Protein chains: 2
Amino acid sequence: MPSIDVGIEEVAAAAGVATSTVSRALRNQQGVSEATRQRIRALAAELGYVPTSAAARLASGRTHTIGVLVPTMNRWFFSSVLEGIDEVLHAAGYDLMVFSLTGRGSERQRLFDRALRGRKLDGLIVLGFPLSRPEEARLRDAGVPVVAVGHSVPGVTSVSIDDRSVMETAVDHLHRLGHRDIGFLAGGMEFDLSFAVPRMREEGFHEALRTRGLMLRPEFRGRAAFTVESAYAAGRHLVERWAITPRPTAMVACSDEMAFGLIAAFREAGLRVPEDLSVMGVDDHDFSESFGLTTVAQDAVGHGRMAARLALSPERRRLAPSEPVPHELRVRRSTAAPRQRA
Amino acid sequence: MPSIDVGIEEVAAAAGVATSTVSRALRNQQGVSEATRQRIRALAAELGYVPTSAAARLASGRTHTIGVLVPTMNRWFFSSVLEGIDEVLHAAGYDLMVFSLTGRGSERQRLFDRALRGRKLDGLIVLGFPLSRPEEARLRDAGVPVVAVGHSVPGVTSVSIDDRSVMETAVDHLHRLGHRDIGFLAGGMEFDLSFAVPRMREEGFHEALRTRGLMLRPEFRGRAAFTVESAYAAGRHLVERWAITPRPTAMVACSDEMAFGLIAAFREAGLRVPEDLSVMGVDDHDFSESFGLTTVAQDAVGHGRMAARLALSPERRRLAPSEPVPHELRVRRSTAAPRQRA
DNA sequence: TTGTAGGCGTTATCAG
DNA sequence: CTGATAACGCCTACAA
């Protein structure tokens, strides 16, 4: 039974060496003979010695903790990225501190501050939203390395797909199938979140249409937040409108979760997917394969791993390519060639 | 512009008081005249002083950090609970440290240890799995207060629904609709996770049937992990079997996500829900309303809030009722009365 | 109400 | 390779 209060001194005493030697030995620093190191390790384990984190932090200035600022943990993309981050961090002996903005978009600045105050982090990963000027400034003089995920930030190491190109991929798929009347469910109705990603996807979509000599008819367009619920509501509105206007043969949603909502609304209105209408999304959500949703996949867990590695290593950050991470089309059952119009 | 290196001494000097007074004033401790406090606060703000977390921890022994041990953040229940925890914690000025077991069930003991080592936590919230004996012991001599969520733990403050009673509610709903051939998709095929919750739900289901003089036919029963994917696969197997055996008129899944998987499989096989088969789940996942899934709801975010409050306050823990948190039936479109058999 | 001074438990900088 | 000995920056009895 290890006693309750073993400090580095007890270990040192037991090993007949100085505390500094124990410290070095236990952290695999050079300058300790292998024999001594072994002996100290054994003793430390036996006594159940564990360095007090606060003391180590104070003395070394390093916290072995990385913070993550996230809009919400309730969305596939964010929780997946978090998993990836966690995986790498823990493997490296680091801890993960999470700061979620959920329901407090207005307090964003304050939360941002909380994360940086008191030097409690060795690095910060910002998920899903761009930084404001004051925030960037705040970071600089906090001297905390930052990595952005889910959107690119000029001047900051970032990991993300190319949102325009994603839409090119999506539209290309539908166009090849023969679709010409393609609708779009845009994102960006959130309160808290960035408008950058939805806007870029929207622009990308329009450009992809334009390239092909197509245009987005107003009645083919909806807008919703990045949630099933919101997309479902938008879908119902669209369906109502289509009672008196033509409807598209395919819809692209800004995310898979939005596509789920659309499909639910369409099905409820008696529209069959893909027979009456093709639907596709972006993400490759965990549910998408079972649901048979065609989508443009991004590797969220991989994003997280990459971000964590970048957060941990200054060299990697320096060498980091600013190219976007690749995405990939996954064709499934929710898209098909349009039926001949009567 | 606050200088880069303001310590408590600078503030004390500027205010013409001792560091101890600054410390007291800033933490709203009693024993400081209001005038002095105001002056110090102003000065501190002006100088941009923020106590160094490590030093405060070392001196006070408190970390203002609560840890959460979670099987994975990728599931509705867990991420929702996390949101609730985060909300309360940040409001109280505490930080949230997350330890996720994803993909390292075998390392569970080690992760568990990591969370407790080095006195870096003021409390620990364990989500979704019961503790082993050694783990409990570990907790005791770490002296860290623990709160369990998602399953009850004798001797540990815990927040959870009554999993047996949940099934009673589910079966009751179907029984009242007229169902007698009720099937069950059991949980518990995970590697990492506890078998406690799925087992209790299974027992609860059986008991609810028994009470009504019913029995679960073997061909009405499936088993899967708590994921859409796994439930989808199980659903496909069931459908195949039903080609040569009778099929139930209703299925209860162990969770909403599992119900989603089932429904996807049934639909793909041409079975209509609820016309051919009613399906219900447990949770009230964010998607369930839009999907029209009947379910037994549990307030995951609320669980999280409650757990965080318990983790923060010894008194609350002492007073904490050991009664389960209530659940609630939500009837939607996925269940209906069975059609007359031919 | 306020000031003084001794920790808190490591790490890091020097000598030896 | 190893050992003293300052920091590290704040908190908290205790004294005034």
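Residue numbering restarts at 1 for every chain, and letters A, B, ... go by the order of the sequence lines. For clarity, every value in this text was computed on a predicted model and none was experimentally measured.
- Near DNA chain D, meaning a heavy atom under 4.0 Å from it, residues 14-24 of chain A has G16(A), V17(A), A18(A), S20(A), T21(A), R24(A) in order of number.
- Distance, E9(A) CD to dG9(C) P: 9 Å, rounded to whole Å.
- Side-chain contact check for R57(B) and T65(B): at least one donor-acceptor pair (N or O, by modelled atom type) lies under 3.5 Å.
- A straight line from CZ of R57(A) to P of dC10(D) spans 15 Å, rounded to a whole angstrom.
- Computed from coordinates, the I40(B) CD1 to dC11(D) P distance equals 13 Å when rounded to whole Å.
- Within 4.0 Å of V11(B), counting heavy atoms only, lies no atom of the nucleic acid at all.
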Between S33(A) and T36(A), does a side-chain hydrogen bond (donor to acceptor under 3.5 Å, both in side chains) hold up when you go through it step by step?
CA-CA 5 Å; S33(A) 73; T36(A) 316; 2.4 Å; yes
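- Computed from coordinates, the I8(B) CD1 to dT4(C) P distance equals 14 Å when rounded to whole Å.
- Side-chain N/O atoms of R27(B) include one lying less than 4.0 angstrom from OP1 or OP2 on dC11(D).
- Axis deviation across the helix from dT1(C)-dA16(D) to dG16(C)-dC1(D) amounts to 30°, comparing end segments of five pairs, rounded to 10 degrees.
- Residue-level contact check: G7(A) touches the backbone only, with heavy atoms under 4.0 Å from sugar-phosphate atoms and none from bases.
- Side chains of E9(A) and T19(A): no donor on one and acceptor on the other come within 3.5 Å.
- For the residue pair D122(A) and T63(A), a side-chain donor N or O sits within less than 3.5 Å of a side-chain acceptor on the partner.
- Partner of V98(B) under the side-chain contact (heavy atoms from CB on, under 4.5 Å) criterion, out of V70(B), D86(B), L127(B): V70(B) alone.
- One atom, CG of L58(A), and another, P of dA7(D), lie 14 Å apart when rounded to the nearest Å.
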Show your reasoning for whether side-chain hydrogen bond (donor to acceptor under 3.5 Å, both in side chains) applies to R27(A) and S23(A).
CA-CA 6 Å; R27(A) 287 177 306 140; S23(A) 176; 3.0 Å; yes
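- Taking 4.0 angstrom as the limit, S33(B) places a side-chain polar atom (N or O) nearer than this to OP1 or OP2 of dT2(C).
- A92(A) meets the side-chain contact (heavy atoms from CB on, under 4.5 Å) test with Y94(A), L312(A); sequence neighbours excluded.
- A straight line from CZ of R62(B) to P of dC11(D) spans 10 Å, rounded to a whole angstrom.
- Smallest separation of non-hydrogen atoms from S100(A) and L111(A): O-CD1, 3.3 Å.
- Q30(B) has its CD atom 16 Å from the C1' atom of dC11(D), to the nearest Å.
- For the pair R318(B) and E315(B), the salt-bridge criterion is not met [side-chain N within less than 4.0 Å of a carboxylate O].
- Following rounding to the nearest Å, Q29(A) (CD) and dT2(D) (P) show an atom-to-atom distance of 13 Å.
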